[in-house]
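The sequence lines fix the lettering, A, B, ..., with proteins before strands; numbering per chain opens at 1.
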Number of protein chains: 2
Amino acid sequence: MALQLPPLTAIRVFEAAARHASFTKAAEELGMTQAAVSYQIKLLEERVGTPLFLRRPRQVVLTETGRRMAPSVSEAFALLSEAYASARSGSAGTLCISTVLTFASNWLARHIGSFQMRHPGIAVRLDTSSHLVDFSREEVDVGIRSGDGKWPGLAAHLLFRAQYTPMLSPKLADSIGGVKEPADLLKLNILDPGDFWWTRWFALANVPPESLEGRPDTSMGSQAYEAAAAIAGQGVAILTRAFFTNEIAEGRLIQPFDLFGDDGQGYWLVYPESRRNAPNIRAFREWILAEMEQTSAGG
Amino acid sequence: MALQLPPLTAIRVFEAAARHASFTKAAEELGMTQAAVSYQIKLLEERVGTPLFLRRPRQVVLTETGRRMAPSVSEAFALLSEAYASARSGSAGTLCISTVLTFASNWLARHIGSFQMRHPGIAVRLDTSSHLVDFSREEVDVGIRSGDGKWPGLAAHLLFRAQYTPMLSPKLADSIGGVKEPADLLKLNILDPGDFWWTRWFALANVPPESLEGRPDTSMGSQAYEAAAAIAGQGVAILTRAFFTNEIAEGRLIQPFDLFGDDGQGYWLVYPESRRNAPNIRAFREWILAEMEQTSAGG
DNA sequence: TGCGACCCATTAAGAGAGCTTATGCATAAT
DNA sequence: ATTATGCATAAGCTCTCTTAATGGGTCGCA
């Protein structure tokens with residue numbers, strides 16, 4: 001196929017020169033010197049095989065060929081720059097967030113509405129697939145994942161550390177006359193006792209580790225489910241605090257101890273470094289960091 | 001104004017890559033390496049601010065933004081290459097000849113039909129203005145002018161030398177019993193005796209120069225008119241032979257002597273060197289040189 | 001599974017297109 | 001005449017773009 005295309009820079013210069021009927025004016029518009037315009041036009045004329053301008057004393061005028069060529073060229077460039085501009089700005093119109101399920105259900109679901117209020121022009125799409133998103137393979141703008149914040153090529157902002165601590169319903173606490181010290185928890189049903197977080201937390205609390213052994217594993221695989229069970233009074237769950245500030249504030253859960261486990265991980269906002277300034281990404285970043293600030297302050 | 005246009009080379013590459021859904025294929029089409037395509041696409045993606053392709057294992061696929069952009073871009077390029085192609089070939093569609101009146105009326109008028117028969121696709125426009133055409137100021141393809149063949153920047157082909165010699169109608173010659181020697185001409189009416197050509201020619205013929213003095217100046221300013229007068233038997237004209245081979249062949253004029261004046265000038269086909277290979281110019285050049293060959297051989 | 005084929009990304013180095021500066025020339029305006 | 005304007009041209013340089021070589025990832029085949 002290979003349609004022989006004209007030298008594009010020359011064509012662009014021609015378009016401007018034809019519009020202005022002046023090399024000097026075209027040079028101004030294009031931000032180059034008059035000499036460069038002259039050079040490009042000459043080049044194009046050689047390629048076309050016929051003059052495009054007549055050099056008159058203090059002006060240039062299009063030849064027949066030039067006149068025939070100019071309108072199509074202008075139209076083509078209009079099309080091009082429109083497509084380009086719309087791609088540039090249009091890229092702000094959608095935001096695809098790939099997030100771990102935990103974060104989506106425990107935090108994002110309750111807060112994303114605020115983002116959409118502030119940026120009504122941005123359509124949000126959530127992708128809660130569990131695999132680690134590869135930005136070069138999938139059409140995703142930002143990701144939220146847990147880890148240590150070190151991913152090559154990705155910018156990462158810490159949202160909060162994954163600090164875990166036991167939580168239970170006030171009613172359940174009351175059923176044993178209140179939870180005064182960590183060992184009290186052992187009187188209750190432990191949700192997902194196999195979770196390493198329990199082991200670590202009891203260690204921090206100076207409770208012998210063997211106390212968990214032999215308990216039936218009730219792992220539900222998701223904090224959301226364990227939280228629901230805890231709220232229903234079915235046991236004590238060990239949860240990430242930041243996800244449940246709301247439940248605590250509303251009294252549906254209580255956090256008996258100000259003691260946190262911390263495995264050094266955290267939840268991070270990530271996106272390709274190179275896209276740091278994309279409008280939609282910038283908007284989301286600024287919003288979520290502000291939101292975190294506010295939440296942690298309020299909680 | 002100054003719509004920010006995208007980097008055009010990158011856009012061209014994008015267009016091809018989008019069409020093929022492959023960088024490698026696009027590279028082949030554009031005659032460059034795959035690496036260059038990759039580079040240009042990356043460049044464009046940075047400018048646009050969002051990926052245009054998703055890099056999948058053995059293929060690339062357009063992102064939403066890319067899909068939105070591709071059709072307009074393709075259309076724009078189609079427009080562009082059409083305009084360019086039509087300018088390229090369309091430039092062969094017209095041939096504007098600037099020629100001195102003498103040549104137009106005495107030679108071209110009778111022969112141009114043969115050119116149009118051979119190149120029916122080329123519309124011929126004649127411009128017989130008398131001033132020396134400036135190819136950079138006027139929309140003229142080729143010129144025919146007399147001179148010494150030296151014009152800077154112009155290619156020049158000698159059509160014929162301006163050799164002049166007396167001519168008259170056979171009937172007029174008979175009226176004085178035939179023209180046997182140059183001096184016999186003095187018995188007849190000399191058309192435009194003030195023309196320097198007469199002086200030169202009689203000098204070549206060893207006829208005293210004073211013989212022309214005192215004759216009324218009948219200058220008509222154009223060989224065509226003088227030739228018409230000669231054919232009508234009104235006198236002897238001194239004419240450029242090449243223009244009247246036809247009249248001689250048909251017996252309407254006779255050339256009594258094989259003696260030619262020659263002021264070193266000639267008629268030349270000229271055009272800008274740079275346009276030597278323009279299709280219309282090439283066609284005309286080849287035709288007129290062949291025609292000259294044939295005429296001088298036949299005459 | 002392991003190997004080869006295919007496709008894209010990346011890097012460094014080199015070539016060359018195209019820009020700028022400076023100057024010249026022609027014409028129109030003053 | 002003199003000045004101002006607009007384009008052409010030459011030389012030199014910059015920086016974009018290309019090439020070449022290499023690496024990584026996946027699919028297909030045995």
Could you check how far [atom1] of [X] sits from [atom2] of [N], rounded to whole Å?
{"X": "Leu8(B)", "N": "dA17(C)", "atom1": "CG", "atom2": "C1'", "result": "15 Å"}
{"X": "Glu46(B)", "N": "dA9(C)", "atom1": "CD", "atom2": "P", "result": "13 Å"}
{"X": "Asp134(B)", "N": "dA8(D)", "atom1": "CG", "atom2": "C1'", "result": "13 Å"}
{"X": "Gln34(B)", "N": "dT11(C)", "atom1": "CD", "atom2": "P", "result": "14 Å"}
{"X": "Arg56(A)", "N": "dA8(D)", "atom1": "CZ", "atom2": "C1'", "result": "17 Å"}
{"X": "Phe53(A)", "N": "dC7(D)", "atom1": "CZ", "atom2": "P", "result": "10 Å"}
{"X": "Met32(A)", "N": "dC7(D)", "atom1": "CE", "atom2": "C1'", "result": "14 Å"}
{"X": "Leu54(B)", "N": "dC7(C)", "atom1": "CG", "atom2": "P", "result": "18 Å"}

Identify whether any heavy atom of Val37(A) sits under 4.0 Å from a base atom; if not, whether one sits that close to sugar-phosphate; answer base, sugar-phosphate or nothing.
->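 Nothing: the residue Val37(A), judged by heavy atoms under 4.0 Å, touches no strand.
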Contact class for Leu43(B) vs. all strands (heavy atom < 4.0 Å): base, sugar-phosphate, or nothing?
->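 Sugar-phosphate contact only.
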Counting only side-chain N and O atoms of Gln40(A), is one of them less than 4.0 Å from OP1 or OP2 of dC19(C)?
->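 Yes, Gln40(A) has a side-chain N/O under 4.0 Å of OP1/OP2 on dC19(C).
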Between Arg55(B) and dA9(C), does any side-chain N or O lie under 4.0 Å from OP1 or OP2?
->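 Result: yes.
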For the side chain of [X], counting heavy atoms from C-beta on, which of [options] is nearest?
{"X": "Lys42(A)", "options": "dT10(C), dT9(D), dT21(C)", "result": "dT9(D)"}
{"X": "Ala35(A)", "options": "dT10(C), dT20(C), dC7(D)", "result": "dT20(C)"}
{"X": "Phe23(A)", "options": "dA8(D), dC19(C), dC8(C)", "result": "dA8(D)"}
{"X": "Thr24(A)", "options": "dT20(C), dC7(D), dT19(D)", "result": "dC7(D)"}
{"X": "Ser38(A)", "options": "dT20(C), dT18(D), dA8(D)", "result": "dA8(D)"}
{"X": "Tyr39(B)", "options": "dC17(D), dC19(C), dC7(D)", "result": "dC17(D)"}
{"X": "Thr9(A)", "options": "dG18(C), dT18(D), dC7(D)", "result": "dG18(C)"}

Distance only, no hydrogens: is a donor on one side chain within 3.5 Å (strictly under) of an acceptor on the other, for Arg285(B) and Tyr271(B)?
->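 Short answer, yes.
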Is the closest side-chain donor-acceptor distance between Ser74(B) and Arg19(B) under 3.5 Å?
->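 Not at all, the side chains of Ser74(B) and Arg19(B) share no donor-acceptor pair under 3.5 Å.
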Please name the pair of heavy atoms, one in Glu139(B) and one in Glu64(A), separated by the smallest distance, quoted to 0.1 Å.
->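 That closest heavy-atom pairing would be OE2-N, 2.5 Å.
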Residue pair Cys96(B) / Asp141(B): nearest heavy atoms and the distance that separates them =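 Looks like N-OD2, 2.7 Å.
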Please check if the side chain of Asp148(B) supplies one atom and the backbone of Gln265(B) the other of a donor-acceptor pair under 3.5 Å.
->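 No: the side chain of Asp148(B) does not pair with the backbone of Gln265(B).
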